[in-house]
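It should be emphasised that the depicted structure is a prediction, and the values quoted were computed from it without experimental measurement.
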Amino acid sequence: MRPARRPCGPCSSPELHTLAAGIRPDRAAVLAAPATSLTSGVVEGNVTRIKLLKRQMYGRANFDLLRRRILLSP
């Protein structure tokens with residue numbers, strides 16, 4: 001499946017130029033993304049959970065207790 005693309009005309013938005021310049025090196029990955037069934041949802045969920053625990057523990061205990069809570073939480 002080939003993604004629908006069309007060239008865009010000149011634009012006066014510097015933000016759009018910055019976005020296009022940032023995407024250009026990863027063009028192959030951007031075009032392949034809709035074709036793959038792999039996601040990073042599980043990893044993102046764990047990162048969110050760890051950040052929540054870290055915020056809850058801020059200023060309360062040391063790293064050892066935070067590590068224990070992360071490893072023992074469901």
(message) Working to the nearest 0.5 angstrom, can you tell me the gap between L31 CG and D26 CG?
(response) 10.5 Å
(message) So, taking the atom named OH in Y58 and the one named CG in L66, what distance separates them when rounded to the nearest 0.5 Å?
(response) 13.0 Å
(request) Go through the structure and list residues passing side-chain contact (heavy atoms from CB on, under 4.5 Å) with N62, not counting sequence neighbours. (result) D64, L65
(request) First locate atom CG of N46, then atom NZ of K51, and finally report the distance between them rounded to the nearest 0.5 Å. (result) 12.5 Å
(request) Could you work out the complete set of other residues in the hydrophobic cluster of V47, with links drawn between I, L, V, M, F, W and Y side chains under 4.5 Å apart? (result) V43
(message) According to side-chain hydrogen bond (donor to acceptor under 3.5 Å, both in side chains), who are the partners of R49, at least two apart in sequence or on a separate chain?
(response) S73
(message) Q56: which residues meet the side-chain contact (heavy atoms from CB on, under 4.5 Å) condition with it, sequence neighbours left out?
(response) L52, L53, R69
(request) Mind checking side-chain hydrogen bond (donor to acceptor under 3.5 Å, both in side chains) for E15 and listing every partner two or more places apart, or none if nothing turns up? (result) S13
(request) With sequence neighbours excluded, tell me which residues meet side-chain contact (heavy atoms from CB on, under 4.5 Å) with R60. (result) none
